[in-house]
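A short write-up of the structure that comes next.
Predicted model only: the values in this text are computed from it and were never measured.
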Amino acid sequence: MLEQLLKFATEERWEEARELGEQLRRQGEESETFFILFATICGVFGEDLMEYEHIICGLQKYPLNHELYFMLGNYYLGHQKSNLAFLCFEQAGHFCEDPSDVILIRENMKVAASQPEFCVNPVSVIISVQSGGSVLHECLGCINEHLSGISYETLVVDNLCLGQEIAWVEQFEYTKVITCEREADFAESVNIGVKSSGIGNDIYLLTDDALLMPNALFWLRMCLYERRTVGAAGGVSNARGWQSLVLPCQTVNEYAVEARKINVPGNCVYENKLWLDGLSLLIKRKAIDDVGLFESGAAGHLYSCIDFGMKLARAEYEAVLCYNSFIYSTSMDRINSLVQEDFDRLVCKWKFAPSYYSTSRTDILEKIMRPQKDEIRVLEVGCGCGATLAAIRRRYPNAHVCGIELVEEVAVYGTYMADILVGDIEVMDLPYERHEFDYIIFGDVLEHLRQPERVVQRIKKYLRPDGRLLASIPNLMNIEVIVSLLKGNFTYRNEGILDRTHIHFFTLREIRRMFEEAGYILTDIQVRNFREGILENTRENERIIEQLYQIEGIAERLEFEVYQYLIEAALSEEGKG
């Protein structure tokens, strides 16, 4: 039947081709030839959506097929998206081995580049060598392999580590070594590379322990040129940290196989972030020109990444995490934490803690279980910069997400995350419709309010009858808080259960009472069980704890082990009235 479909298309018997193509589609045909032919047939009939969907489905299964990239380029060219069209044509040329097809691809690249709105730049790959070149040879080999036919250069910034190895590094095609005059930190190395890069080139930061995977940079570039407002696009990796992706792999080859499945087009692959890690980070040149270089002098590299993300956001650029751009890191346990010195420095510069207000709550996300295409509406109270709402919007592309944030200096950085209002939830007038939201979220917020009972009662009218209120609430009965109290201490801290900004404290019984009196029923209670860290786990403390558990009539032992409760609440019949 596939041969017959090809015959119909070759003879331009389009009606017959359309009917047979539909039959094959219903039967589940998934060959490369089918996707190419059926997308072509849909294009003939002006069925743009069907054409696009079958090109995308084809690339998801056959991500190295140059014809599908060429077709995707033509699709974008027909929709006045010359930047995306050019990138697709360029990628088609990367995979194409037929000289006659290469000529056609290059002609189409010229057509895309001639459009008034075209502005795609070549790429300067900057690798900062901080600890020797043990993996650098593989790193450069992957770059040469996966970027052949792409307009790029590689700048290896040697932080006085390579020594005699410089000679073999420069043997790689399009590669240049820049040796620092003195020992430089991450930001200084990046800045040296940027200053040495080609004029107007976009900048791609890649660590010296990372191996570029097929199509990883391509999809970052597609994201970067998706909208004028995107200033930076970052990828995911197997390295533990902020942008990790857990995969069931052990070897590099296994990761490479998985990467080919991940680095494909998809509907839910972009997530707005306030900042991105420098492990695999592509930055638009205009964005760098507008906001300046990375700030150096920090104890760790994360300060520079967060600070640069803040500068991008202040200049109204988007930073986007691309879940379809995976690279392999040979250092899975690379240092990826913000030291206190850098945390304090960020707070001093930006007047709030960016890392605190830009973290998405994965535990709350897991409580939202709806079909992916549902048009859900979500309100988060105390949303910070909107990171959790942005994560919801990625998972549910048709979602409408709203936020309320007390601190104006924080809310202004959530421009691309959600519709955020600035105000005090306890006194502000809310502009929402009755029964507007499927979910209302209070992530570690209620303990900061003067009258949390009144807030949860007041907010319920905005919840749909079948909606859910989700809240995370710290547990005052945590055993280490109790032991500390028994010793006469109730010392406030900068974070945790005894956070100095907490006004109210809760136990499980008080949580139940508050929600039930406000017209809710608790439909699910989950716990996070770990020690608060107020006390050292000395033998004396453990002895007190064991003795405390023996007291007759006290609450169940589990309630003392809980650090935080994650609550799901529905409206009671009385609450719906």
Side-chain angles (χ1 to χ4, degrees), residues 1-82 84-98 100-101 104-105 107-108 111-112 214-215 218-219 222-223 226 257-258 260-270 323-324 370-376 394-399:
M1 293 178 70
L2 200 59
E3 292 81 3
Q4 187 65 42
L5 182 65
L6 177 60
K7 184 175 184 297
F8 286 156
T10 303
E11 297 175 356
E12 298 186 2
R13 297 161 60 181
W14 299 118
E15 291 290 348
E16 293 167 281
R18 184 71 175 82
E19 183 178 346
L20 181 58
E22 270 293 341
Q23 183 180 345
L24 288 169
R25 185 178 70 85
R26 289 193 297 269
Q27 292 175 356
E29 176 64 46
E30 292 186 334
S31 66
E32 287 179 272
T33 302
F34 171 74
F35 285 120
I36 293 169
L37 287 175
F38 195 67
T40 301
I41 294 165
C42 292
V44 169
F45 283 92
E47 298 174 339
D48 283 9
L49 184 58
M50 286 285 285
E51 177 189 11
Y52 175 78
E53 286 181 353
H54 281 80
I55 295 172
I56 296 303
C57 287
L59 284 173
Q60 288 172 344
K61 290 188 173 295
Y62 306 101
L64 309 184
N65 184 290
H66 79 275
E67 292 183 76
L68 289 167
Y69 286 105
F70 183 75
M71 295 178 71
L72 185 58
N74 280 325
Y75 174 86
Y76 283 128
L77 195 60
H79 288 76
Q80 289 77 54
K81 295 184 177 181
S82 60
L84 301 185
F86 179 89
L87 291 171
C88 289
F89 292 141
E90 190 178 49
Q91 194 71 353
H94 167 67
F95 289 118
C96 184
E97 297 178 355
D98 186 326
S100 60
D101 282 353
L104 180 59
I105 289 168
E107 289 176 353
N108 279 37
V111 173
N215 292 326
F218 169 71
W219 290 113
M222 289 291 283
C223 175
E226 176 78 21
V257 170
E258 288 300 311
R260 290 194 177 188
K261 301 175 186 177
I262 294 168
N263 297 347
V264 296
N267 294 322
C268 302
V269 294
Y270 295 158
Y323 286 88
N324 64 338
R370 298 284 291 269
Q372 190 180 61
K373 294 184 178 180
D374 274 13
E375 297 180 4
I376 62 172
R394 178 183 75 85
R395 296 188 182 191
Y396 298 90
N398 297 319

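Interatomic distance, R370 CZ to R395 CZ, rounded to the nearest 0.5 Å: 15.0 Å. In this structure, I105 CD1 and E90 CD are separated by 11.0 Å, a value rounded to the nearest 0.5 Å. In this structure, OG1 in T33 is found 9.0 Å from CD in E3, a value given to the nearest 0.5 Å. One finds the CG atom of N263 at 12.5 Å from the CG atom of L59 (value rounded to the nearest 0.5 Å). Here L77 contributes atom CG and L72 contributes atom CG; the two are 11.0 Å apart, rounded to the nearest 0.5 Å. To the nearest 0.5 angstrom, C42 atom SG is 11.0 Å from L37 atom CG.
Just one of Y75, F89, F95 meets the ring-ring contact (aromatic ring centres under 6.0 Å, His included) condition when paired with F70; it is F89.
The closest side-chain heavy-atom distance from N324 to M222 is not below 4.5 Å. Using a 4.5 Å heavy-atom cutoff, the side chains of Y396 and K373 are not in contact. In this structure, the side chains of L2 and S31 come closer than 4.5 Å at one or more pairs of heavy atoms. Residues M71 and H54 form no side-chain contact, since every pair of their non-hydrogen atoms from C-beta on lies 4.5 Å or further apart. I36 places a side-chain heavy atom less than 4.5 Å from the side chain of N65. Counting heavy atoms from C-beta outward, Q372 and C268 have side chains that approach closer than 4.5 Å. No side-chain heavy atom of F35 sits less than 4.5 Å from a side-chain heavy atom of I55. The closest side-chain heavy-atom distance from W219 to P265 is below 4.5 Å.
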Between side-chain atoms of residues 4-12 and protein atoms elsewhere (two or more places apart, or another chain), which donor-acceptor pairs fall under 3.5 Å?
| unit_1 | atom_1 | unit_2 | atom_2 | d |
| --- | --- | --- | --- | --- |
| K7 | NZ | E11 | OE1 | 3.3 |
| K7 | NZ | E11 | OE2 | 2.9 |
| T10 | OG1 | L6 | O | 2.8 |
| E11 | OE1 | R13 | NH1 | 2.7 |

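When all heavy atoms of V264 and P63 are compared, the closest pair comes out as CG1-CB, 3.9 Å. Summarising the geometry of C96 relative to D101, their closest heavy-atom pair is SG-CB, 3.4 Å, with the distance given to 0.1 Å.
Every pair passing salt bridge (Lys or Arg N to Asp or Glu O under 4.0 Å) that includes a residue from residues 55-66 is listed here, sequence neighbours excluded: E30-K61.
No donor-acceptor pair under 3.5 Å is formed between the side chain of D374 and the backbone N or O of I376.
Taking Q91 as the reference, N215 meet the side chain to side chain donor-acceptor pair (under 3.5 Å) condition, with sequence neighbours excluded. For R18, the salt bridge (charged side-chain N to carboxylate O under 4.0 Å, His left out) partners two or more places apart in sequence, or in a different chain, are E22, E47. By the side chain to side chain donor-acceptor pair (under 3.5 Å) test, E67 is found to be paired with no residue, residues two or more places apart in sequence or in another chain being considered. In this view, N398 satisfies the side chain to side chain donor-acceptor pair (under 3.5 Å) rule with no residue, not counting sequence neighbours.
Classified by interplanar angle (parallel below 30°, tilted 30° to 60°, perpendicular above 60°), the ring pair Y69/F218 is perpendicular.
For R394 and Y323, the positive end sits near the middle of the six-membered ring, less than 6.0 Å away and at most 45° from its axis.
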Side chain to side chain contact (heavy atoms under 4.5 Å, CB included) between F45 and E15, intermediate numbers included: CA-CA 9 Å; F45 283 92; E15 291 290 348; 3.6 Å; yes

Verdict with reasoning, H66 to D98, per side-chain hydrogen bond (donor to acceptor under 3.5 Å, both in side chains): CA-CA 10 Å; H66 79 275; D98 186 326; over 6 Å; no

Side chain to side chain contact (heavy atoms under 4.5 Å, CB included) between N108 and F86, intermediate numbers included: CA-CA 8 Å; N108 279 37; F86 179 89; over 6 Å; no

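The number of heavy-atom neighbours closer than 6.0 Å to CD of E19, taken from other residues, nucleotides and ligands shown, is 12 or below. The number of heavy atoms from other shown groups lying within 6.0 Å of CZ (R25) is above 12.
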